[in-house]
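Some notes on the structure that comes next.
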Amino acid sequence: MTPIVPIAEFANHVGQEVTVRGWLYNKTGKGRLQFLQVRDGSGIAQCVIFEKDVAPEVFEAAKSITQESSLAVTGVVRQDDRAPGVPGGYELGVAALSIIQTAEPYPIQPKEHGVEFLEDNRHLWVRSSRQWAILRVRATLIKIIRDWLDGHGYLLVDTPIISANAGEESSTLFGLDFFGEQAYLAQTGQLYNEANIMSFGKVYCFGPTFRAEKSKTRRHLAEFWMVEPEMAFFDLDDLMAMEEQFVSSVIQTALTERRVELEYLERDTSRLQKITPPFPRISYDEALALLAEIRENTDDPEQKALLALEWGSDFGSPHETAIAESFEKPVFVYHYPTACKAFYMTPVAGRPEVCRSVDLLAPEGYGEITGGSERIHDLAILEERVKEIGIDPAAYNWYLDLRRYGTVPHAGFGLGVERLVAWVCGLPHVRETVPYARRMTRLYP
RNA sequence: UCCUCAGUAGCUCAAUCGGCAGAGCAACCGGCUGUUAACCGGUGGGUUCUAGGUUCAAGUCCUAGCUGAGGAGCCA
């Protein structure tokens with residue numbers, strides 16, 4: 001028996017006879033010479049079959065094998081610069097071939113397809129090398145995020161996905177029947193994080209979150225993954241300092257660990273390499289002034305209209321993009337108007353119309369990548385805010401309790417995994433950043 | 001919810017002024033010893049999104065609907 005070797009490790013097996021088990025990704029023939037591109041999950045390798053080198057039935061099988069048939073090939077690994085693949089540069093000189101199953105005509109070809117067709121066939125599309133590369137980057141980013149937090153004193157504390165809190169924005173929640181009671185799929189684990197920091201100091205939750213918003217844009221999913229760190233004894237400055245270390249480190253590590261995949265995706269990583277601390281920081285007021293300046297300098301009347309904004313409104317997508325494009329690195333925008341942020345964000349002392357919140361806007365049009373704030377830790381102020389917003393204090397009794405029993409200043413933020421993956425991979429749409437996207441128009445497969 | 005655009009072969013698309021439904025790829029058959037989404041020759045493949053309407057004649061024009069895409073709002 002020859003050893004079964006992952007394609008990714010071909011470089012360590014040059015001159016040795018090995019077996020690869022996998023699927024036929026693509027095939028081209030030149031008469032008495034056949035090229036099979038075989039993928040095994042770790043990579044894609046070209047397997048070369050000369051008619052004179054193998055038994056007639058093996059060559060016949062190689063000629064007639066269909067795309068995505070499952071197979072095992074045995075042969076000697078050799079270095080050859082002409083060999084395509086991932087990582088490429090090595091190929092297999094085939095001595096034996098066995099077909100496990102001959103695939104029926106495969107719907108996805110190595111060519112352009114429409115997005116609806118591809119999403120209908122997502123269960124097959126995940127095999128495509130581009131999707132394979134993206135999902136490997138995604139898995140690595142998640143691992144790096146967790147490694148960084150675990151290595152910096154944060155404890156993973158899971159928060160519930162089924163939640164009773166109607167709270168802030170019930171229109172954007174997915175409802176469900178919980179043994180006769182109205183329940184909702186979680187939008188955030190943050191309120192539970194605030195309880196957990198009083199036990200563990202620094203925590204994070206990492207899981208799927210759900211928004212029933214009828215959003216149809218390249219940045220929105222109905223089900224998306226979010227990591228939410230929350231820290232006791234953190235103020236807004238601590239928060240920004242932590243975020244820039246965290247985000248920079250995650251990106252730099254991903255560039256190293258997934259170099260091959262990002263190269264395959266033809267991602268220009270030069271801009272990502274510049275993502276190092278410190279990040280620029282501007283206030284909401286300064287951001288408004290910056291937008292006004294950008295409006296002054298543009299001749300495009302459409303752009304002028306899009307960028308119009310009055311004090312007190314939250315930024316839309318065009319504003320975020322324009323602000324972010326003014327900087328090479330991600331930019332922090334802090335002190336947003338209290339009215340356009342969540343009720344639990346701390347008002348600025350002496351200026352309660354703005355709050356101690358901060359969003360991180362990614363460059364290259366990827367928009368808001370994190371959103372966070374210093375939370376209200378004073379019971380009286382929080383009770384007042386609850387009253388102002390008009391939500392039922394009874395439903396938040398446990399949350400208010402946290403301010404009754406040893407409250408401390410604290411802060412936290414949420415980072416959207418899909419937007420991070422899209423940014424790192426340079427993708428135009430978040431639909432490709434998650435294995436099975438759930439969007440307003442997409443529930444199957 | 002609003003704005004814009006689109007729907008023709010398995011896939012990606014064409015079809016002039018309203019006048020016989022087309023190509024490439026895929027599939028199938030044949031050829032080719034270094035292909036990179038190979039190439040060359042051949043074969044089969046259609047409820048033109050749906051329902052009405054106008055017309056001698058509708059993929060094309062009109063009305064309504066369905067589905068999708070991009071954007072806005074909202075957000076990570």
Ring-on-base stacking B:A76 with A:Phe224 (under 5.5 Å, under 30°): yes
Base partner of B:A58, which must satisfy Watson-Crick or wobble distances under 3.5 Å: none
Rounded P spacing from B:U60 to B:G19 in Å: 11 Å
B:G46 and B:C13, which share atom name C1', separated by this distance in whole Å: 15 Å
Sugar-phosphate, base or nothing in reach of A:Gly29, heavy atoms under 4.0 Å: base
Nucleotide nearest A:Arg82 when distance is taken to its side chain, options B:U33, B:U35, B:C74: B:U35
Distance test, side-chain N/O of A:Arg211 to OP1/OP2 of B:G73, below 4.0 Å: no
Upstream residue (5' side of RNA chain B) when A:Tyr106 and A:Gln46 are each assigned their closest nucleotide: A:Tyr106
Under-4.0 Å salt bridge between A:Arg281 and A:Glu244: yes
A:Arg439 with A:Glu418: basic N within carboxylate O range, under 4.0 Å: no
Sugar-phosphate, base or nothing in reach of A:Gly85, heavy atoms under 4.0 Å: nothing
Integer angstrom distance from the C1' of B:A23 to that of B:A69: 25 Å
Any A:Arg439 side-chain nitrogen or oxygen under 4.0 Å from OP1 or OP2 of B:G68: no
Identified side-chain contact (heavy atoms from CB on, under 4.5 Å) partner of A:Phe206 from the options A:Ile145, A:Leu149, A:Val157, A:Leu415: A:Ile145
Sugar-phosphate, base or nothing in reach of A:Glu223, heavy atoms under 4.0 Å: nothing
Distance test, side-chain N/O of A:Arg219 to OP1/OP2 of B:G70, below 4.0 Å: no
Base-pairing assignment for B:A51 (Watson-Crick or G-U wobble, both under 3.5 Å): B:U63
Identity of whatever pairs with B:U4 - Watson-Crick or G-U, under 3.5 angstrom: B:A69
A:Arg32 side-chain proximity, nearest of B:A37, B:C32, B:U35: B:C32
Pairwise 5' ranking along RNA chain B for A:Thr66 and A:Met440, keeping only the more 5' one: A:Met440
Distance test, side-chain N/O of A:Thr441 to OP1/OP2 of B:A69, below 4.0 Å: yes
Check: A:Gln109 side chain, B:G24 base, donor-acceptor under 3.5 Å: no
Below 4.0 Å: OP1/OP2 of B:U12 and any side-chain N or O of A:Lys111: no
Backbone N/O of A:Pro435 and side chain of A:Arg122: donor-acceptor pair under 3.5 Å: yes
B:G10 and B:A72, which share atom name C1', separated by this distance in whole Å: 36 Å
Opposite nucleotide pairing with B:A27, Watson-Crick or G-U, both atom distances under 3.5 Å: B:U43
Lys/Arg N to Asp/Glu carboxylate O, A:Glu91 vs A:Arg78, below 4.0 Å: yes
Ionic contact status for A:Glu432 with A:Arg130, cut-off 4.0 Å: yes
From B:G34, B:U35, B:A37, nucleotide with atom closest to A:Arg78 side chain: B:G34
Atom P, compared across B:C20 and B:A58: separation rounded to whole Å: 12 Å
Under 4.0 angstrom between A:His429 side-chain N/O and B:G70 OP1 or OP2: yes
No-H, no-angle donor-acceptor pair, A:His113 side chain to B:C11 base, under 3.5 Å: no
A:Phe315 ring center within less than 6.0 Å of A:Tyr336 ring center: yes
Residue A:Val115, side-chain heavy atoms: nucleotide from B:G34, B:A69, B:A76 that is nearest: B:A69
